[in-house]
Amino acid sequence: MTLGILSLVLVVAVGAGVGFVLRGGGSGGTGGDASGDAPADPNTVVVKDDEIRDLVQAHTKALASGDAKAFTSIFDQKNAALVRDQARVFANLSKMPLAEKSYEVLRRQGRAQDSFGRGVKFTQDVAFVHRFAGIDLRPVSEWYRWTIEKASPKAPLVVTKVEGAPPTISGEASKTMYYPGPWDIWPDIVVEKAGDSLVLARPEDAALARRVAPTVSSAAASDLAFWQKNGDPNAAVPSGFVVALVKGKTQLGKLFRTAKANEAGVSIPMPRWGLANDTVRIGGTRIVVDTTSEFFENQRGITEISKHEIAHSLVAGLDSAQFALFGRANWITEGFAEYVAGRDQPIAQNLRYAEGRAYLAGRLAMPFDGKLPTNSFWDYKQMTSVNYLMGHLAMRFIAQKYGERKLVEGVVAAYRAPGDDSEAALFQVLGVTRAGFERQWAAYVRAQLA
């Protein structure tokens, strides 16, 4: 029974700056000169930067104007399945309340020039830049990889394949950059208003989306009220959230990412597009929840997972998004979300309470040693769930000893610090050493779970 926030530290660093680095057109591709004047030989097939820019700009114009025929015209008309899929993408995107939407040129790879009159074929990465009205703090981007062909010197560019673009740095948790969106893979999208938030679902889950929407709205209002009471009024926080409903771990891992999923829900932070000097580096988040998880067995569970994931999304825009070897301490990140979701209930009513007692009694894979959970052993031998509880109890202890405003101040400091320094930043706000905190916290845990 795990909730989560997806931490793509390296991807964030790359994505945050891509808008202003590659936005102008020319990209670091391979195979041929795609800039400058056309070669004198009329038999030479060459793809110039201007052609790609014009192709992408026309695609943007078609989406903005609601011209489905123009939108699908750039795709291989002989490939009926591809054209049909992109017509569906257009229809789905037309339902999204987007304040901004455009396609932007990224990097190119492959042979974009041939001197012997043969056609060329290469891949072009394209960013779908968009912003949900009233939800995203800044525009964010989903990255596509288009396969493009040009058959002859005077032939138009034709997109013959569309897939997700991979991260620019290998070894990331997701194999794609925020692809696919539900508009890419769902046959249709139900969009339910949930106060200032949105619930997205497949048509077969329309009734569930209607039932969940009031809970999402209430959860968002509760989390935002907590922030307004205890947080920095000048901090960049959203007023609404995007929540997508999926069925099962496979679907959970293949929405806004391509990864193996083991959570019940996840908040996926997306880097802003462009604006290099902007202090907000995470432009928005996408919450995805698994409706087959135990949290959807009753109303209490739906409320809990909604509050938890919204708490992650609430503070995501405060993330420094700086490179970190190990990342922000999970017990801070998950503990804060657990605290916000369950702060109004006695700890004895927590769904993990019995597991916590078993932990103290030495009946789990590892005995309780009075130490805060580390990221290295967070998922060790199915200890994940009880580690969530330990983080929750750390936040409860801070709130009771220092007050909720100090708790929020410390968590925000942890988010704004480089990930590896998150604990130190929190303890500095509290005015305590790690060792001193652990001693007091361990005693608190034993008292709460006795």
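What you see is a predicted model, and the numbers here were worked out from it, not measured in a lab.
- Ring orientation note: the planes of Phe336 and Phe226 are tilted relative to one another, at an angle of 30° to 60°.
- A distance of 11.0 Å separates OG1 in Thr147 from CD in Gln109, rounded to the nearest 0.5 Å.
- A donor-acceptor pair is defined here as one N or O able to donate and one able to accept, closer than 3.5 Å; such a pair exists between the side chain of Asn298 and the backbone of Gly301.
- Between the side chain of Glu142 and the backbone N or O of Val129, no donor-acceptor pair lies under 3.5 Å.
- Just one residue in the list Val280, Val237, Ile282 forms a side-chain contact (heavy atoms from CB on, under 4.5 Å) with Leu137, and that residue is Val280.
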>> Set out, in order, the CA-CA distance, both residues' side-chain angles and the distance that settles salt bridge (Lys or Arg N to Asp or Glu O under 4.0 Å) for Asp76 and Lys161, then state yes or no.
In response: CA-CA 8 Å; Asp76 183 4; Lys161 185 178 181 180; over 6 Å; no
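- Side-chain contact check for Val126 versus Val56: some heavy-atom pair is nearer than 4.5 Å.
- Checking side-chain atoms of Arg107 against main-chain N and O of Asp125 turns up no donor-acceptor pair under 3.5 Å.
- At least one donor-acceptor pair under 3.5 Å links the side chain of Ser239 to the backbone N or O of Gly134.
- Note that CD of Gln400 and CD1 of Ile398 are 11.0 Å apart. Values are rounded to the nearest 0.5 Å.
- The two residues Leu245 and Ala201 come nearest to each other via the heavy atoms CD1-CB, 4.2 Å.
- Asp205 has a carboxylate O that lies under 4.0 Å from a charged side-chain N of Lys247, or vice versa, which qualifies the two as a salt bridge.
- Atoms OG1 and CZ, on Thr123 and Arg145 in that order, are 4.5 Å from each other to the nearest 0.5 Å.
- Using a cutoff of 4.0 Å between basic side-chain nitrogens and carboxylate oxygens, Glu263 and Arg257 are scored as salt-bridged.
- Proximity of Trp183 to Met96: side-chain heavy atoms (C-beta onward) are separated by under 4.5 Å at one or more points.
- Of all heavy-atom pairs between Leu255 and Gly181, the closest is CD1-C, 3.9 Å.
- Ser174 contributes a side-chain N or O that, together with a main-chain N or O of Thr176, makes up a donor-acceptor pair within less than 3.5 Å.
- Taken to the nearest 0.5 Å, the CG atom of Asn330 stands 9.0 Å off from the OG atom of Ser422.
- Side chains of Met383 and Phe377 form no contact here, defined as non-hydrogen atoms less than 4.5 Å apart.
- Glu338 and Arg352 are joined by a salt bridge, as a carboxylate oxygen and a charged side-chain nitrogen come within less than 4.0 angstrom of each other.
- With Thr72 contributing its side chain and Ala68 its backbone, the two residues share a donor-acceptor pair below 3.5 Å.
- Between Val140 and Arg286, some side-chain heavy-atom pair lies under the 4.5 Å cut-off.
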>> Test side-chain hydrogen bond (donor to acceptor under 3.5 Å, both in side chains) on Ser376 and Trp378; report intermediate values, then the result.
In response: CA-CA 6 Å; Ser376 300; Trp378 186 260; over 6 Å; no
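- For Lys175, the NZ atom is loosely surrounded, since the number of other residues' heavy atoms within 6.0 Å does not exceed 12.
- The distance from atom NZ of Lys101 to atom CG of Leu98, rounded to the nearest 0.5 Å, is 6.0 Å.
- The backbone N or O of Ile302 lies less than 3.5 Å from a partner atom in the side chain of Ser306, making a donor-acceptor pair.
- Nearest heavy atom pair, residue Trp186 against residue Asn92, reads O-ND2, 2.9 Å.
- Evaluation of the ring pair (Phe, Tyr, Trp, His ring centres under 6.0 Å) test over residues 81-109, restricted to residues two or more places apart or in two chains, returns His59-Tyr103, Phe71-Phe90, Tyr103-Phe128.
- Leu426 is listed as a side-chain neighbour of Ile332, based on a closest heavy-atom distance under 4.5 Å.
- Electrostatic pairing of Arg434 and Glu438 counts as a salt bridge here, judged by a charged N lying under 4.0 Å from a carboxylate O.
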>> Does Asp232 form a side chain to side chain contact (heavy atoms under 4.5 Å, CB included) with Val412? I'd like the steps, not just the answer.
In response: CA-CA 9 Å; Asp232 180 356; Val412 170; over 6 Å; no
> For Ser222 and Lys307, what are the C-alpha separation, side-chain angles and deciding distance, and is it a side chain to side chain contact (heavy atoms under 4.5 Å, CB included)?
Replying inline: CA-CA 8 Å; Ser222 175; Lys307 286 185 175 181; 3.7 Å; yes
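- Scanning both residues, Ala235 and Trp227, for their nearest heavy atoms gives CB-CZ2, 3.7 Å.
- Rounded to the nearest 0.5 angstrom, Thr333 OG1 and Asn375 CG are separated by 8.0 Å.
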>> Quick one, Gln86 with Val162, criterion side chain to side chain contact (heavy atoms under 4.5 Å, CB included). Give me CA distance, side-chain angles, the key distance, then yes/no.
In response: CA-CA 9 Å; Gln86 293 308 307; Val162 177; 3.9 Å; yes
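- Side chain of Thr303 to main chain of Gln299: a donor-acceptor pair is present (N/O by atom type, distance under 3.5 Å, no hydrogens or angles).
- For Glu355 and Tyr353, the side-chain atoms include no donor-acceptor pair closer than 3.5 Å.
- Screening residues 181-204 for salt bridge (Lys or Arg N to Asp or Glu O under 4.0 Å) gives Lys95-Asp188 as the qualifying pairs, with residues at least two apart or on separate chains.
- Contact check for His312 versus Thr285: no side-chain heavy atoms found under the 4.5 Å cut-off.
- The environment of CD in Gln382 is sparse: at most 12 heavy-atom neighbours from other residues, nucleotides or ligands sit within 6.0 Å.
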> Taking it one step at a time, do Phe75 and Thr160 satisfy side chain to side chain contact (heavy atoms under 4.5 Å, CB included)?
Replying inline: CA-CA 6 Å; Phe75 301 102; Thr160 59; over 6 Å; no
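- Of the possible donor and acceptor atoms, one in the side chain of Arg272 sits under 3.5 Å from a partner among the backbone N and O of Asp278.
- A 4.5 Å side-chain heavy-atom check between Phe256 and Pro182 finds at least one atom pair inside the cut-off.
- Of all heavy-atom pairs between Ala365 and Lys381, the closest is CB-CB, 3.6 Å.
- Counting heavy atoms from C-beta on, the side chains of Val246 and Val289 never come closer than 4.5 Å.
- Defined by atom type and a distance below 3.5 Å, a donor-acceptor pair is missing between the side-chain atoms of Trp146 and Glu163.
- Taking all atoms of both residues into account, the shortest heavy-atom contact from Met390 to Leu449 is CE-CD1, 4.1 Å.
- Between the side chain of Asp290 and the backbone N or O of Gly248, at least one donor-acceptor pair lies under 3.5 Å.
- The neighbour count for Glu100 CD, taken as heavy atoms of other residues, nucleotides or ligands under 6.0 Å away, is above 12.
- The environment of Lys249 atom NZ is dense: over 12 non-hydrogen atoms of other residues, nucleotides or ligands sit within 6.0 angstrom.
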>> Run the salt bridge (Lys or Arg N to Asp or Glu O under 4.0 Å) test on Glu304 and Arg343 for me, step by step, so that the C-alpha distance in whole Å, both residues' side-chain angles and the decisive distance to 0.1 Å come before the verdict.
In response: CA-CA 11 Å; Glu304 181 176 339; Arg343 67 187 186 280; over 6 Å; no
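- Listed by chain and residue number, Ile347, Leu393, Tyr444 satisfy the side-chain contact (heavy atoms from CB on, under 4.5 Å) test with Gln448 (two or more places apart in sequence, or in another chain).
- Relative orientation of the His392 and Tyr339 rings is perpendicular, given thresholds of 30° and 60° on the angle between their planes.
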